[in-house]
Colleague: 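Here it is: the structure, laid out below.
The basis for the numbers below is simple: all heavy atoms, side chains too, and nothing from hydrogens, waters or symmetry mates.
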Amino acid sequence: SLVDEVDQDILLVLRDGRKFVGTMRCFDKWANIVIENADKNMFGGTQLNATVSLVDEVDQDILLVLRDGRKFVGTMRCFDKWANIVIENAFERIFVGNKYCEIPRGVFMVRGENVVLLGAIDVVKDRDVSLSQWEKVPEDELMELYRAEKEKREREKNLKRQLCIERGLHGDWEDLENF
């Protein structure tokens with residue numbers, strides 16, 4: 001089993017004869033593996049997969065911003081060649097106005113295609129500095145504020161749509177927030 005090899009120094013020999021030496025960080029169900037600090041020059045090897053640049057973030061506290069605007073903080077545990085990411089001790093941060101809450105999510109997997117931003121953070125500095133300008137509130141209170149804000153945006157969107165129709169403008173009404 002590959003489980004015993006995680007965090008061990010290994011020699012990887014590919015079918016085409018290329019050899020890599022490094023520390024095995026994780027693997028998936030298809031036995032795709034991630035090697036950290038792979039010495040690609042030791043045996044005349046070539047470049048590894050482009051997602052190898054994520055290796056530096058494994059076991060680091062990270063902030064993920066997704067395509068739908070959600071924000072997650074947690075410890076990155078592994079990723080695959082499609083940049084799908086698993087974070088542990090994850091929590092979702094939701095902001096409304098000058099208030100926020102953190103919802104625990106535990107172990108969380110994110111499809112790579114949904115990641116807009118990924119970056120390492122210092123959790124201590126993050127809590128002390130960046131969140132000092134917001135007020136932390138309970139989840140149920142923030143969700144009520146979120147629903148009210150969403151309803152307000154929907155009313156504004158409908159008003160813009162009505163004004164456009166009255167002025168003879170027709171188009172894609174789903175993209176009105178860009179006006």
Colleague: Could you give the distance from CD (Q162) to CD (E166), rounded to the nearest 0.5 Å?
Modeller: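 Result: 4.5 Å between the selected atoms.
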
Colleague: Please tell me whether N114 and R67 have a donor and an acceptor in their side chains that are separated by less than 3.5 angstrom.
Modeller: yes

Colleague: Between L118 and L63, is the side chain to side chain contact (heavy atoms under 4.5 Å, CB included) condition met? List the steps.
Modeller: CA-CA 6 Å; L118 179 149; L63 167 69; over 6 Å; no

Colleague: Should V58 and V110 be regarded as members of a common hydrophobic cluster, given that ILVMFWY residues are connected when their side-chain heavy atoms come within less than 4.5 Å of each other, either directly or indirectly?
Modeller: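 Yes, V58 and V110 fall within the same hydrophobic cluster.
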
Colleague: Distance check, rounded to the nearest 0.5 Å: E92 atom CD versus L66 atom CG?
Modeller: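 If we round to the nearest 0.5 Å, E92:CD and L66:CG are 8.0 Å apart.
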
Colleague: Quick one: which of I87, I121, V73 gives a side chain to side chain contact (heavy atoms under 4.5 Å, CB included) with I62?
Modeller: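 Among I87, I121, V73, the one meeting side chain to side chain contact (heavy atoms under 4.5 Å, CB included) with I62 is I87.
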
Colleague: Please give the remaining members of the hydrophobic cluster of V107, linking ILVMFWY side chains under 4.5 Å, ordered by chain and number.
Modeller: V86, M109

Colleague: Just to verify, what does E156 make a side chain to side chain contact (heavy atoms under 4.5 Å, CB included) with, not counting sequence neighbours?
Modeller: K152

Colleague: Looking only at non-hydrogen atoms, find the nearest pair between D59 and R77 and report the distance.
Modeller: OD1-NH1, 2.6 Å

Colleague: Can you name the nearest heavy-atom pair linking R111 to N84, along with the distance?
Modeller: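 That would be CA-OD1, 3.1 Å.
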
Colleague: To check you understand the geometry: which heavy-atom pair defines the closest contact between I85 and M76, and what is its length?
Modeller: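 Looking at all heavy atoms of both residues, the shortest contact is CG2-CG, 3.9 Å.
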
Colleague: Would you say L145 and F95 are hydrophobically clustered, going by side-chain heavy atoms of ILVMFWY under 4.5 Å?
Modeller: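 No; F95 is not reachable from L145 via cluster members.
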
Colleague: How many angstroms lie between atom CG of D61 and atom OG1 of T75, to the nearest 0.5 angstrom?
Modeller: 4.0 Å

Colleague: Say whether I94 and Y100 are linked into one hydrophobic cluster, either directly or through other cluster members, by side-chain heavy-atom distances under 4.5 angstrom.
Modeller: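 Cluster IDs for I94 and Y100 differ.
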
Colleague: Under the side-chain hydrogen bond (donor to acceptor under 3.5 Å, both in side chains) rule, collect the residues that match up with D68, sequence neighbours excluded.
Modeller: R70

Colleague: Using the side-chain hydrogen bond (donor to acceptor under 3.5 Å, both in side chains) rule, collect all pairs that involve residues 140-149, keeping only residues at least two apart or in two chains.
Modeller: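 Of all non-adjacent pairs touching residues 140-149, those that pass side-chain hydrogen bond (donor to acceptor under 3.5 Å, both in side chains) are E149-R153.
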
Colleague: Rounded to the nearest 0.5 Å, what separates atom CD in E88 from atom SG in C78?
Modeller: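 Nearest 0.5 Å value for the CD-SG distance: 10.0 Å.
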
Colleague: According to ring pair (Phe, Tyr, Trp, His ring centres under 6.0 Å), does anything in residues 102-123 pair up with another residue at least two apart or in another chain? List the pairs.
Modeller: F72-F108

Colleague: Atom NZ in K71, atom CZ in R93: separation rounded to 0.5 Å?
Modeller: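 That separation rounds to 10.5 Å.
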
Colleague: Between L64 and L117, is there a side-chain heavy-atom distance shorter than 4.5 Å?
Modeller: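 Contact flag for L117/L64 side chains = no.
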
Colleague: Hydrophobic side-chain clustering at under 4.5 Å (ILVMFWY, transitive links): who's grouped with L163? Put none if nobody.
Modeller: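 Its cluster mates, by chain and number, are L159.
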
Colleague: To the nearest 0.5 Å, what is the distance between CG on L169 and NZ on K160?
Modeller: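 Taking CG in L169 and NZ in K160, the distance rounds to 13.5 Å.
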
Colleague: Do the charged groups of E102 and K136 touch, with an N to O distance under 4.0 Å?
Modeller: yes

